[in-house]
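Report on the following structure.
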There are 2 protein chains.
Amino acid sequence: MERKKEEEVFADYARRKNLKHSVQREAILKIFLKNERHLTVDELYQAAKKAAPGIGFATIYRTLKHLCDSGLCRELKCEDGVTRYEHLYGHSHHDHLICTKCGKFVEVVDFGIEKLQEALARKEGFMLTKHKLELYGLCKDCQKE
Amino acid sequence: MERKKEEEVFADYARRKNLKHSVQREAILKIFLKNERHLTVDELYQAAKKAAPGIGFATIYRTLKHLCDSGLCRELKCEDGVTRYEHLYGHSHHDHLICTKCGKFVEVVDFGIEKLQEALARKEGFMLTKHKLELYGLCKDCQKE
DNA sequence: ATGACATTGATAATCAATATCATTATGTAG
DNA sequence: CTACATAATGATATTGATTATCAATGTCAT
């Protein structure tokens with residue numbers, strides 16, 4: 001039972017949605033797939049301009065929407081006001097550990113925390129659908145300076 | 001060792017900053033203090049208009065900035081894109097349990113979770129400074145419908 | 001009452017994200 | 001290959017939230 005590759009997932013989505021090909025979208029997709037980092041719209045735009053000069057922000061936003069719809073990508077509204085995009089497909093649920101100095105993002109999970117969250121919600125009569133946990137601090141390297 | 005009242009905290013701040021009085025700011029302050037709920041800018045604006053007709057959004061924003069500076073208030077950027085303002089003074093750290101249907105906000109704390117967060121961060125070499133935990137789901141009432 | 005200066009509201013400006021729209025590109029059917 | 005339907009693009013306008021600007025007004029110590 002092998003998992004489909006991200007490229008395939010998007011190809012399926014494109015077929016379902018009757019999307020046509022375009023160098024711009026392919027460029028953006030390629031950049032997104034090559035980067036496991038959490039990219040901002042601007043970073044994506046800067047990188048895409050190299051492969052497809054003249055590309056506009058609208059196309060970046062449009063393509064990101066497609067990526068999210070297809071299940072490959074997830075929008076992350078960060079505390080600093082910047083919106084970042086992370087890989088979703090094949091990534092199980094996780095939270096984020098974020099360095100407030102260098103901006104490093106680390107994906108973390110703790111089943112203990114997850115369990116306690118459930119218990120906490122139940123105690124208040126809530127039925128949980130999702131949660132968002134972001135831990136901010138200084139990473140090992142940034143503590144030295 | 002009694003704790004100062006919120007009114008006093010703001011008065012001290014105003015003195016420090018050489019703020020002058022104004023009916024508008026006093027109206028906003030009064031509304032904020034009377035409401036323990038998590039208010040949006042618009043709710044505050046609507047309420048303030050009754051006490052000070054002709055008041056502008058700029059004044060709401062300016063006053064909220066003062067309230068935050070003074071330590072009475074905290075800005076909360078929620079997942080739904082709406083910015084809310086909550087009471088900070090005298091409120092120890094807490095997280096939020098949010099109903100995605102009716103918008104109810106419940107303040108919660110769980111020391112177990114806090115401990116595990118610390119441990120998790122330590123394991124990754126991070127020194128935590130703050131965190132943000134939001135639990136989304138349906139509250140008891142909204143589950144019935 | 002006066003002068004220094006904080007405050008206000010209207011308005012313009014900014015910033016991220018969306019919508020509009022004429023032009024261009026893609027792909028399928030002949 | 002051509003034609004046609006339609007998706008995609010980029011420029012530009014628009015929106016919504018927030019901030020900056022500025023002339024007019026309010027506050028307050030003297």
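Values below: all heavy atoms of this structure, side chains included; hydrogens, waters and symmetry mates excluded. As the structure is a computational prediction, the values presented were derived from the model and not from experiment.
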Q. Looking at the side chain of B:Ala58, which of D:dA20, C:dA19, C:dT8 is the nearest nucleotide?
A. D:dA20

Q) Between A:Ile60 (CD1) and D:dA11 (P), how many Å, whole number? A) 12 Å

Show me the donor-acceptor pairs, under 3.5 Å and distance only, between side chains in residues 30-37 of chain B and residues at least two apart or in other chains.
from	atom 1	to	atom 2	distance (Å)
B:Asn35	ND2	B:Ile31	O	3.1
B:Glu36	OE1	B:His91	NE2	3.4

(Q) Rounded to whole Å, how long is the line connecting atom CZ of A:Arg84 with atom P of C:dA17? (A) 11 Å

Q.
Check B:Lys101 with B:Asp141, please: is the shortest side-chain N to carboxylate O separation under 4.0 Å?
A. no

Q) Rounded to the nearest Å, what distance is computed from the NZ atom of residue B:Lys65 to the C1' atom of nucleotide D:dA17? A) 12 Å

Q. Looking at B:Tyr61, does any N or O in its side chain come under 4.0 Å of the phosphate oxygens OP1/OP2 on D:dT18?
A. yes

Q. For A:Arg16, what residues pass the salt bridge (charged side-chain N to carboxylate O under 4.0 Å, His left out) criterion, not counting sequence neighbours?
A. none

Q: Strictly below 4.0 Å, heavy-atom distances to any atom of DNA chain C: list the hits from residues 40-57 of chain B, or just say none.
A: B:Gly54, B:Ile55, B:Gly56

Q: Mind checking side chain to side chain contact (heavy atoms under 4.5 Å, CB included) for A:Val106 and listing every partner two or more places apart, or none if nothing turns up?
A: A:Leu97, A:Lys104, A:Val108, B:Glu124, B:Phe126

Q: Could you tell me whether A:Lys77 contacts a base, only the sugar-phosphate backbone, or nothing, with contacts defined as non-hydrogen atoms closer than 4.0 Å?
A: nothing

Q | Salt-bridge criterion met for A:Glu86 and A:Arg74 (N-O under 4.0 Å) | A | yes

**Q.** Closest non-hydrogen atom pair, B:Cys139 against B:Cys99
**A.** N-SG, 3.4 Å

Q) Listed in order of residue number, which residues of residues 4-29 of chain A have a non-hydrogen atom at under 4.0 Å from DNA chain C? A) A:Lys20, A:His21

Q. With a 6.0 Å cut-off on ring centres, are A:His66 and A:Tyr13 close enough?
A. yes

Q: Using the test ring-ring contact (aromatic ring centres under 6.0 Å, His included), find all partners of B:His38 that sit at least two apart in sequence or belong to another chain.
A: B:His96, B:Phe105

